[in-house]
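See below for the structure under consideration.
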Amino acid sequence: MTDSPGARLRLTVLGCSSAAPHEATPAAGFLVQWGDTNLLLDVGQGVVRNLQKLFDPHELTAIVIGHMHADHFLDLVGLRYLYPWGERAPDPLPVHLPPGARARLDALSVAVSERDGFFDAAFDAVEYDPAAELQVGDLRLRFFRGRHYVPAWGVVIEAPDGTRLAYTGDTGPSSSVEDAVRKADLLLVETALRSALDDDLERGHLTGDEAIALARSAEVRSALLVHFNPDRLAELEATCAAAGGWVRPAVDGLTLTVSPARRGTGVNDSQASDAIADAASEASPA
Ligand SMILES: [Zn+2]
Ligand SMILES: [Zn+2]
């Protein structure tokens with residue numbers, strides 16, 4: 001734990017596309033920083049390459065993975081190759097996996113034709129208990145279950161100053177997700193669907209309108225739409241503009257600082273503009 005005077009919670013979008021590769025941005029990957037805590041949420045394909053533009057991935061404090069779909073964890077394979085080959089790394093990277101995922105990671109080392117324990121020399125890969133709190137550096141994490149085709153968890157991250165950033169992970173419409181992210185200072189909310197008609201009968205993703213409705217009902221101070229095909233950017237910008245300034249679509253490399261709420265102020269429209277501020281640049285289109 002570090003004393004970080006003047007620190008702010010900081011989010012950088014390393015990847016905000018859905019599963020199909022797109023030249024504009026990798027699949028899911030979000031860097032959350034406080035002081036010298038560097039937490040990576042999800043590591044979909046292409047995310048490590050974007051992380052390397054910011055700093056050496058060995059400086060990560062930990063990775064947390066919400067569910068075991070390829071667009072949320074597959075770049076663990078690439079990341080592994082940055083670590084020593086034979087001997088165990090002196091400082092293995094903590095990788096927090098959802099329940100049941102440890103065996104999948106072991107199967108992945110077989111699937112990519114690597115030796116048993118391929119990941120073990122580099123990572124401390126352990127399953128988290130979604131019912132328990134998890135401390136990563138200075139950040140405190142709580143998990144909640146999403147509504148998805150496979151077991152999937154979202155997370156609420158609390159900084160030492162009380163700022164809360166929430167990430168839905170992959171989910172369909174869900175009142176329990178809404179409750180879990182209630183009054184977050186910044187919500188990353190997925191919108192993988194153009195239309196609800198594109199979803200399975202049992203829902204597992206959100207449309208833009210559903211994502212905004214969830215964020216609004218949850219009374220979050222600000223929201224960022226994530227996990228969408230970037231071809232939809234203009235459409236989502238228009239949807240967000242109509243909803244008000246408190247929500248907008250993510251773009252590759254976007255960096256925001258998130259401030260704690262001032263006591264006594266409202267949520268959504270009334271207060272959005274002071275919840276987040278663009279830090280650094282809106283980065284390079286990759
Ligand atoms: Zn998924
Ligand atoms: Zn996904």
Side-chain angles (χ1 to χ4, degrees), residues 11 13-32 39-51 63-79 95-105 107-108 111 127-128 130 143-155 165-174 176-178 180-181 187-208 210-212 214-215 223-233 236 249-252 254:
L11 166 84
V13 176
L14 299 176
C16 55
S17 188
S18 44
H22 194 287
E23 73 274 15
T25 186
F30 305 95
L31 179 67
V32 182
L39 165 64
L40 179 57
L41 285 184
D42 282 346
V43 57
Q45 66 269 24
V47 164
V48 171
R49 180 176 166 277
N50 260 2
L51 177 65
I63 297 179
V64 169
I65 291 169
H67 73 292
M68 295 299 278
H69 272 155
D71 51 326
H72 296 259
F73 82 95
L74 206 54
D75 237 15
L76 276 181
V77 178
L79 183 62
V95 177
H96 300 279
L97 300 167
R102 179 62 238 202
R104 288 170 185 271
L105 199 64
L108 185 60
E127 297 176 5
Y128 53 79
F143 297 94
F144 57 88
R145 184 77 181 251
R147 178 183 179 187
H148 200 44
Y149 320 116
V150 299
W153 280 267
V155 64
L165 181 153
Y167 171 42
T168 62
D170 286 5
T171 187
S174 161
S176 61
V177 168
E178 195 179 297
V181 304
L187 173 66
L188 312 184
V189 55
E190 79 113 284
T191 172
L193 298 176
R194 279 177 203 275
S195 159
L197 299 175
D198 297 335
D199 210 350
D200 288 358
L201 225 47
E202 179 46 43
R203 300 293 308 275
H205 287 296
L206 298 167
T207 66
E210 288 171 338
I212 291 171
L214 187 151
L224 205 56
L225 303 184
V226 300
H227 203 279
F228 57 86
N229 183 316
D231 292 347
R232 293 170 59 209
L233 185 61
L236 290 173
V251 292
D252 192 77
L254 175 69

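Bear in mind that the values here come from a model prediction, so they are computed numbers and not experimental data. Residue numbers count from 1 along this sequence. Ligands are counted one by one from 1 in listed order, and the atoms in each one are counted from 1 as well.
Ring planes of His72 and His67: tilted class, angle from 30 to 60°.
When each of Asp42, Asp71, Thr168 is paired with His227, the side chain to side chain donor-acceptor pair (under 3.5 Å) condition holds for Asp71 and for no other.
Atom OD2 is the N, O or S atom of Asp170 at the shortest distance from the Zn ion (ligand 2). Distances from the Zn ion (ligand 1) to the N/O/S atoms of His69 are shortest for ND1.
Taking the six-membered ring for Trp, Tyr149 and His205 have ring centres closer than 6.0 Å.
Residue contact annotation: His148 places an N/O/S atom under 2.8 Å from the Zn ion (ligand 1). Residue Asp71 does not count as close to the Zn ion (ligand 1), with no N, O or S atom under 2.8 Å. When distances to the Zn ion (ligand 2) are checked against a cut-off of 2.8 Å, His227 contributes an N, O or S atom below that limit.
Remark: the backbone N or O of Asp170 is not paired with any side-chain donor or acceptor of Glu190 at under 3.5 angstrom.
Closest non-hydrogen pair, Ile65 versus Leu97, comes out as CD1-CD2, 4.0 Å.
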